[in-house]
Amino acid sequence: MPPHKIISAPTRESLLSLPSPDYTLIKSLGNDRFLLRRNNDGLPLLGHYWTEYYQPSTSPVHTLVQRGAGAGAAAVLNHENLVSLRGEAANWVPLKVNGKHVQAKQVLLLWDWCDGGSLEQFLEQSEKEIDISEVQNGGEFMPESFCWHVLTSVLRALQWLHQGIRETYGVVELDREGYGMGYVEHPGQRGRAGRLRVVNRMTLPTPEKGEKGGWKRARRDDDWFPVLHRDIRASKIFLQHPLGTETYGMVKLGDLRYCAVSGTVVSEGGFGLDKVPVVAPERVQELGRYVEKDGGAYINGIGELRKRMVGWWKDAATVDKTERPYTAGNDLFSVGAILYHMMMGTQMVNPEECPVKGCGCIHLFDGPEKDEEAEKLPGCTDGCPRPDTDIRRCFNNTGYTTELKQVVGALLRCNREVTWSASEAMEAAWKGYETWTRTTEDGQAYRDIYEDILFRRQNQERINGEVPEWTNNMAYQVRRSLNPNVAI
């Protein structure tokens, strides 16, 4: 353990000769950041100093770590679509404190290295190169394949943060009959990969128990305390380069400095109105509004936050902005706003009151179903130059599929709502994504990481001279259980 007094941090130069059998230092990135390589698999990692080890008496984080919070945080920051904590590299450095020689631990926390930069950087560069006017003439700002990739990746991360559900996939090979429309032969590849979602996995029948096959909900941690990110934006979504034949590399949600851990355990069935709502305070309150009241303990109490939820349901926009609840729906809306930017080439308008002085209108709304009624809407009555955005029609003139438009539109209706969970949003997105991969030319050409896994497996089979055993294939077993009398 580190000494319990404030000491000077060890010299940074000592890291240049980091003695570790597990990691190799590649280079310094400045600002106490370092690029390292994990020796057993060559994985590059981002390392930075954990200063709480050096100044424990001045850091509340150190006290939490002493009480075991570090293990809990590391368990949460462990998901393929989060910038995850991969471990630590450490030296014991000799120091002299109050005339005594002590050993201080020099710690470097190791994180995923996102070599593709942030989504914000990518969008800013694209805005300089793409003519936005073409988007409203049946075009696309970002390719639909990239939109689906970002959407499903971030929703997987929110499933984990909100509900403790880790979504994984079984990778199988599907033949033409089993895959159906959209099956495509590719040179050097026997067939398209099938993705079996473990989160909603198919169960095979058990005749001796009188059971039938069907969909079964995956196990999850029933004691999971939901984590709301509260700051989802393009600058907090990071990209990695592809490592194989997949079209895009991994997408990871990062920077949880403003996250809120709810004191409400996930209710069975999600976040419906008949369940206990998961709610946190708005971030704006952290600028000094409530910190004088027992350090925020009162205002962050579950009872007080639920009162805010009820107040918002009753009075909506008349509630002071600093007193509004932040729900899981806000995180989902933020994902929808990012997809809006990716599809339209412009950022989403404020979902509540317009920030323009003297306006106060809400420029984002869900218009009527009939176009004739929508055309009669007066728009902003205060003369604000900001355009109104109709969620139901904003994507009409773009070249994206109906499935993507519908999912993003549903996310844009989630602001301060508790009626749609991240797992339900992921379910809807996955159905749309699978339809896109089957029915469009771009979808058939798209390759995700799971298909790259299948491709590598097939190559290994060829190298080993092995013939695949279809009877051990999950897709074969599922089709056989559903159609026992049909030759497959």
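The analysis underlying the following values was restricted to heavy atoms, covering all of them including side chains, and did not include hydrogens, waters or symmetry mates.
A salt bridge links Glu80 with Arg166; the closest basic N to acidic carboxylate O contact falls under 4.0 Å. Asp255 has a carboxylate O that lies under 4.0 Å from a charged side-chain N of Arg257, or vice versa, which qualifies the two as a salt bridge. We find that Arg416 and Glu352 are joined by a salt bridge, their nearest charged nitrogen and carboxylate oxygen being less than 4.0 Å apart. Between Arg38 and Asp22 there is no salt bridge, since no side-chain N of the basic residue sits under 4.0 Å from a carboxylate O of the acidic one.
Annotation: the span from Phe34 atom CZ to His48 atom NE2 amounts to 11.5 Å, rounded to 0.5 Å. Taken to the nearest 0.5 Å, the NZ atom of Lys27 stands 15.0 Å off from the CZ atom of Arg33. Interatomic distance, Leu364 CG to Phe333 CZ, rounded to the nearest 0.5 Å: 5.5 Å. Distance check: Ser423 OG to Gln163 CD gives 3.5 Å after rounding to the nearest 0.5 Å. Separation of atoms CG (Leu161) and CG (Asp331) is listed at 8.0 Å; rounding is to 0.5 Å. Lys236 NZ to Arg230 CZ: the interatomic distance, rounded to the nearest 0.5 Å, is 11.5 Å.
Under the 4.5 Å side-chain criterion, counting only non-hydrogen atoms from C-beta, Phe225 is not in contact with Ser262. Side-chain atoms of Ser126 and Phe141, non-hydrogen and from C-beta on, do get closer than 4.5 Å to each other. The shortest side-chain heavy-atom distance between Met142 and His341 does not fall under the 4.5 Å cut-off. Using a 4.5 Å heavy-atom threshold, the side chains of His363 and Thr389 count as separate. By the 4.5 Å heavy-atom criterion applied to side chains, Tyr23 and Arg37 are not counted as neighbours. Considering only heavy atoms from C-beta on, Met348 comes within 4.5 Å of Tyr340 through its side chain. Between Leu85 and Trp111, the closest side-chain pair of non-hydrogen atoms falls below 4.5 Å. Side-chain contact between Leu243 and Met250 is absent, with no heavy atoms from C-beta onward closer than 4.5 Å.
A donor-acceptor contact closer than 3.5 angstrom links the side chains of Asp131 and Ser133. Side-chain atoms of Trp224 and His162 include no donor-acceptor pair closer than 3.5 Å. Glu403 and Thr435 form no side-chain donor-acceptor contact under 3.5 Å, judged by distance and modelled atom types alone. Counting only N and O atoms by type, the side chains of Asn39 and Thr24 include a donor and acceptor under 3.5 Å apart. No hydrogens or angles considered: a donor-acceptor pair under 3.5 Å links the side chains of Asp448 and Tyr433. For the residue pair Thr327 / Asn330, a side-chain donor-acceptor distance below 3.5 Å is found, with atom types taken as modelled. Between Glu129 and Gln125, the side chains place a donor N or O and an acceptor N or O closer than 3.5 Å (distance only, hydrogens not considered).
Ala157 and Leu82 get closest at one heavy-atom pair: CB-CD2, 3.9 Å. Taking each heavy atom of Thr398 and Phe395 in turn, the nearest pair found is OG1-O, 2.7 Å. Between Gly47 and Leu110, the shortest heavy-atom contact is CA-CD2, 3.9 Å. Across every non-hydrogen atom of Leu155 and Ala429, the tightest pair is CD1-CB, 3.8 Å. Of all the heavy atoms in Ala337 and Leu412, the pair that sits closest is N-CD2, 3.6 Å. The shortest heavy-atom contact between Gly254 and His229 is O-NE2, 3.0 Å.
More than 12 heavy atoms of other residues, nucleotides or ligands sit less than 6.0 Å from atom CD of Glu127.
Note: Phe146 and Phe122 have perpendicular aromatic rings, judged against thresholds of 30 and 60 degrees for the angle between ring planes.
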Between Val251 and Ile237, is the side-chain contact (heavy atoms from CB on, under 4.5 Å) condition met? List the steps. CA-CA 7 Å; Val251 172; Ile237 296 176; 3.5 Å; yes
Side chain to side chain donor-acceptor pair (under 3.5 Å) between Glu424 and Ser421: does it pass, once the steps are laid out? CA-CA 5 Å; Glu424 290 169 328; Ser421 67; 3.3 Å; yes
Before you tell me yes or no, could you show the steps for Thr401 and Glu144 under side chain to side chain donor-acceptor pair (under 3.5 Å), namely the whole-Å CA-CA distance, both residues' side-chain angles and the distance that decides it to 0.1 Å? CA-CA 8 Å; Thr401 59; Glu144 180 156 352; 2.4 Å; yes
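A donor-acceptor pair is defined here as one N or O able to donate and one able to accept, closer than 3.5 Å; no such pair exists between the side chain of Gln406 and the backbone of Ala410.
Annotation: salt bridge (Lys or Arg N to Asp or Glu O under 4.0 Å) contacts involving residues 109-120, sequence neighbours excluded, comprise Arg86-Asp112, Asp112-Lys252.
In summary, the aromatic rings of Tyr446 and Trp148 are positioned with their centroids too far apart to meet the 6.0 Å limit.
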